[in-house]
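Since the structure comes first, as structure tokens, the remarks are kept for the end.
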Amino acid sequence: MSTTFGKGHHLHLIDGSAFIFRAYHALPPLTRKSDGLPIGAVSGFCNMLQRYVETNTGPDAPTHVAVIFDKGSHTFRNDMYDQYKANREAMPEDLRPQIPLTRQATIAFNIACEEKEGFEADDIIATLAVQARTAGGRCTIISSDKDLMQLVGDGVEMLDAMKNKRIDRDGVFEKFGVYPDRVVDVQALAGDSVDNVPGAPGIGIKTAALLINEYGDLDALLERAGEIKQPKRRETLINHADQIRLSRRLVLLDENTPLDFTLDDLEVREPDADLLMPFLAEMEFRTLTKRIADQLGVTPPAIEDTPATAPDAPEVADIPFDKSGYSKVSTGAELQEWIDRIYERGYVAVDTETTGLNEMTADLVGISLCVEAGQACYIPLIHKAYRGDDLFGSDDLAEGQMPLNDALEMLKPMLEDPSILKIGQNMKYDAKIFAQVGIHVAPIDDTMLMSYAMHGGLHNHGMDALSDRYLGHTPIPIKPLLGSGKSAITFDKVPLEDAVPYAAEDADITLRLWQKFKPMLHRTQVTRVYETLERPLVPVLAQMERTGIKVDRDTLSRMSNAFSQSMAGLEDEIYEMVGRKFNVGSPKQLGEILFDEMGIEGGKKGKTGAYATGADVLEDLATEHELPRRILDWRQLSKLKSTYTDALQEHINPDTGRVHTSYSITGASTGRLASNSPNLQNIPIRTEEGRRIREAFVAEDGKTLVALDYSQIELRILAHIADIEALKQAFRDGQDIHAMTASEMFDVPMENMTPDIRRRAKAINFGVIYGISGFGLARNLRIPRSEAQGFIDRYFERFPGIRTYMDDTKAFAKEHGYVQTLFGRRIHTPNIAAKGPHAGFAARAAINAPIQGTAADVIRRAMVRMPDAIADLPAKMLLQVHDELLFEVEQGAEGALIKAARDVMEGAADPVVKLDVTLNVDAGQGPNWAVAH
DNA sequence: ACGCTCACG
DNA sequence: GACGTACGTGAGCGTA
């Protein structure tokens, strides 16, 4: 057994990461039956190991073997070049928890399992391969990674296990055009976009090999670069010589990795049933356990057949909610213990406590963490000392708290570590709070967004609702801690003995929800929706919100004054007409004046017993009376003043001079965003007076606002989904879509089109999107219901696809309880089977949702791609208004921005959905939003 | 707390 | 046969 590795020995080195990723991508997202733990990659990994063991017997069998893994995300290459592997996509989060299990699997198979902090697996492989060669033995590297090809030769070979193809010196030459000893030179020139090795711009493997073969090696080439005939190539090599040398250092493997084991430790060992069987059984791999048990001649252990829990049924939490598992972290040593536990796990649930709900002005008060259900901590940072009878509290800090900066310094590397998943409930909030203190949290998972992807339309997605529904636990309410109304306090005034259980429980709940939702995402088939439309939007929106938009206070203030004066004038006229003063803003008083005192006919009372005085009612009365018109004018000014010119001023952040809205990702069931505090998605535009409010939304000096909006996106999507050839053709031809509809419906040639006929067609087009009804159209067009119904019948006759779409959609909703967008987003329609008027609402919502929702998905996709697309431009994305994106860009770069952003927006459906219509984007620019739109 | 009204897509 | 209806939002105000 204890012979020294040497001649006649044969070492196999298995590239563990390659096995893992192959296994992950080759298999569907399997989960462990008993608890939903994702184990697809582990299963594939074990099968690959098993096949490896089976096939490597006989005369050429290895005498030594090890599986080599990467460890840690930071290696010496990052110290050389901080952009190394910076383009790497984050590891899929259902793979992350499986990584430690693949180590365990290797050990269970009784195969040596090696890794070293700060080094890549490739370096360990290089070191061992060279040791084996030096000792006079052979080595086979089981991998197809081209970075390892520099090691081939003199007894070192590679084996592509999938293709079962050996790669020797000639194989390397085939791939690189040079033999192994010059591979690094070629790689240094060609660079590598996957690992983000820069190389020489414009030079690929072919050209690189050509140059190296001509000049012998890289140093000679760089030295004699001046001799190169092609001017461009010559320039590139001379100008980028340093970058090329850096690239070579990055791709050159370290053959002297310090290892705390020797080749002899890797000697092949017999499979050990006592080691392997328990592991396979724990993973609940029934088939594999049985097969290997047969081969080893042992009895397979029993695997309990735990029934899977019903997909959406709330289940009693296995671990009770118990405050004894919650602790306070007061010292660096205690915090370090938590950080160590987090690194062991690879994920952590995080929650922040702050002094308020507005992330732009709130201060971080404390942080809670949870790595295992029932065990959580709270790190209080700036809680104030509590003095019993002191109503005003104290400015002194409470005892037993770490200094804020010390805690943040310790937490920052973990929160920013790409290998640690940070789980939150509404992570946009916490990410913005952390961003305030210079911490950029990534990668993240968000239980609120998971719930939204799975259950949009069924219920809201706040933590209290989710905890009640999915954990059967009502969280500690915040109200008693903070109080309410005038005497309400901020969280930093909450005594620590109350703050710890409250805050720790939030992290605990978040972790439990995540554990519960993770496997549910796959089962409900909305993983792609979550991964592409929800999760990546968080950092994008956080950035937009933090950027904000400049709003000119003076402009608003002047408008407010002007509105006040006009309103006062109108009030005088109104009081004159009525004969006395009253509250013009009170619909109740107004209704009584109009319909009782003045005796105007046709007053209708609603269900609350008050007369309806809405704009449509007053509009009708205005033909006969003067008062309603004055009221309408007054109301318009009142609305503009109170909701916009006054309120917006209150929202200007004193530090930034800008207005920072907050987008709600889960607010609208269709997938649209909602904007609040303030709502910047309903800034006036339809009337001239209102539109002028947009003049107060301005670009900074030296910059321009650029607005891009999708033209008729919902009608285009309708044309595609309902497959209306005439509509699709009209969009292809760039026709006026409403005029075309009018022409079709009313048999009017396009050249004879009148504005009124077109207006009617436009109303019908929109009506269709909303789930048209004769009543609704009649009211909108102010025509008799029978006439409206006639229009609809005619529309269906001319475009029969519409009726089919509506009927099919309703039937789908009834059968499944939800409808879907083209990108797979589900919108639940729980009332679709209801009786009475509810049913009508639900049916129309079901018809509208796939159209509105698909448009929402499209712009979400554009927004997710936008930061990369405009990264090189001096531009920032500021706002989203459903079909419009607003940017601020340095003067001079407007054209470049419009080109880049338009490309992203127009191509946003690709490659997942191939639309039969093009998406067209209109652009505008100017010093303020009124001009830009 | 709730309904009415009205701003937007 | 009558009922009551365009889809999706958020904010301010009056009224209870």
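Numbers restart at 1 for each chain; the letters A, B, ... are given by sequence-line order, proteins then strands.
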Open item on the list: Only pairs with both distances under 3.5 Å count, Watson-Crick or wobble alike; so what is the partner of C/dA2 in this structure?
Closed with: none

Task: Check ion pair A/Lys428-A/Glu545 (N to O, under 4.0 angstrom) - done: yes

Open item on the list: I want to check one thing: is the phosphate of C/dT9, taken as OP1 and OP2, less than 4.0 Å away from some side-chain N or O of A/Thr670?
Closed with: no

- [ ] Round to the nearest Å and state the distance from A/Ile693 atom CD1 to B/dC6 atom P.
- [x] 16 Å

Open item on the list: Rounding to an integer number of Å, can you tell me how far A/Lys607 NZ sits from C/dG4 C1'?
Closed with: 10 Å

TODO: Quick one: label A/Arg691 by what it contacts on the DNA or RNA (base, sugar-phosphate, nothing), any heavy atom closer than 4.0 Å.
DONE: nothing

- [ ] Kindly indicate whether a cation-pi arrangement holds for A/Arg844 with A/Phe841, taking the cut-offs as under 6.0 Å to the six-membered ring centre and within 45° of the axis.
- [x] yes

Open item on the list: Any donor-acceptor pair, under 3.5 Å, between the side chain of A/Arg672 and the base of C/dT9, if you only look at N and O atoms?
Closed with: no

Open item on the list: So A/Arg635, base contact, sugar-phosphate only, or nothing? Heavy-atom distance under 4.0 Å.
Closed with: sugar-phosphate

Open item on the list: Check this for me, if you would: do A/Glu359 and A/Arg546 make a salt bridge, where the nitrogen-to-carboxylate-oxygen distance has to be below 4.0 angstrom?
Closed with: no

Open item on the list: For A/His459, I'd like to know if atom NE2 has over 12 heavy atoms of other residues, nucleotides or ligands within 6.0 Å.
Closed with: yes

Open item on the list: So if I define the base as every atom that isn't primed, P, OP1 or OP2, how would nucleotides 10-16 of chain C read as a B/S/- string at a heavy-atom cutoff under 4.0 Å?
Closed with: BBSSSSS

- [ ] Can you tell me the distance, in whole Å, between the CD1 atom of A/Ile832 and the P atom of C/dT5?
- [x] 18 Å

Task: Nearest-neighbour nucleotide for the A/Tyr770 side chain, B/dT5, B/dG9, B/dC8 considered - done: B/dG9

Open item on the list: Could you check, using the six-membered ring where one of them is a Trp, whether A/Tyr795 and A/Phe791 have ring centers closer than 6.0 angstrom?
Closed with: no

- [ ] Identify whether any heavy atom of A/Gly614 sits under 4.0 Å from a base atom; if not, whether one sits that close to sugar-phosphate; answer base, sugar-phosphate or nothing.
- [x] sugar-phosphate

- [ ] Evaluate the ring planes of A/His455 and A/His828, with Trp represented by its six-membered ring, and classify them as parallel (under 30°), tilted (30 to 60°) or perpendicular (over 60°).
- [x] tilted

TODO: Pick the P atom in C/dA6 and in B/dG3, then give their distance to the nearest Å.
DONE: 16 Å

Task: Gap between atoms CG and C1', on A/Asp883 and C/dG8 respectively (whole Å) - done: 13 Å

Task: Which residue lies more 5' along DNA chain C, comparing A/Val768 with A/Ala668 via nearest heavy atoms - done: A/Val768

Open item on the list: For C/dA16, give the paired nucleotide (Watson-Crick: N1-N3 plus N6-O4 or O6-N4; G-U: N1-O2 and O6-N3; both under 3.5 Å), or none.
Closed with: none

TODO: Remember a base hit wins even if backbone is also touched, and classify A/Phe841 as base, sugar-phosphate or nothing at under 4.0 Å, heavy atoms.
DONE: sugar-phosphate

- [ ] Report yes or no: does A/Tyr710 contribute a side-chain atom to a donor-acceptor pair with the main-chain N or O of A/Met905 at less than 3.5 Å?
- [x] yes

Task: Rounded distance in Å - CZ (A/Arg825) to C1' (C/dG8) - done: 13 Å

TODO: May I ask you to say what A/Ala788 touches in the nucleic acid, namely base, sugar-phosphate or nothing, with a heavy-atom cut-off under 4.0 Å?
DONE: nothing

Task: Pairwise P distance for B/dC6 and C/dC3, with rounding to whole Å - done: 27 Å

Open item on the list: The side chain of A/Thr608 is closest to which nucleotide in this list: C/dA6, B/dC4, B/dC8?
Closed with: B/dC4

- [ ] Return the value, rounded to whole Å, for the distance between atom CD1 of A/Ile792 and atom C1' of C/dT5.
- [x] 12 Å

TODO: Decide whether A/Asn676 and A/Tyr663 meet the rule of one side-chain donor and one side-chain acceptor closer than 3.5 Å.
DONE: no

Task: Pairwise side-chain contact, A/Leu673 with A/Leu537, heavy-atom cut-off 4.5 Å (strictly under) - done: yes

TODO: Scan A/Ile772 against the nucleic acid and name what it touches under 4.0 Å (heavy atoms): base, sugar-phosphate only, or nothing.
DONE: base

Open item on the list: Between B/dG9 and A/Arg686, counting only base atoms on the nucleotide and side-chain atoms on the residue, is there a donor-acceptor pair under 3.5 Å?
Closed with: yes

Open item on the list: Applying a 4.0 Å non-hydrogen cut-off, can you work out what A/Ile685 is touching in the nucleic acid: base, sugar-phosphate, or nothing?
Closed with: sugar-phosphate

Open item on the list: Could you tell me how far apart A/Ile851 (CD1) and B/dG9 (C1') are, to the nearest whole angstrom?
Closed with: 14 Å

Task: Assigned partner base of C/dG10, Watson-Crick or wobble definition, under 3.5 Å - done: B/dC6

Task: Atom-to-atom span, CZ of A/Arg779 to C1' of C/dT5 - whole angstrom - done: 8 Å

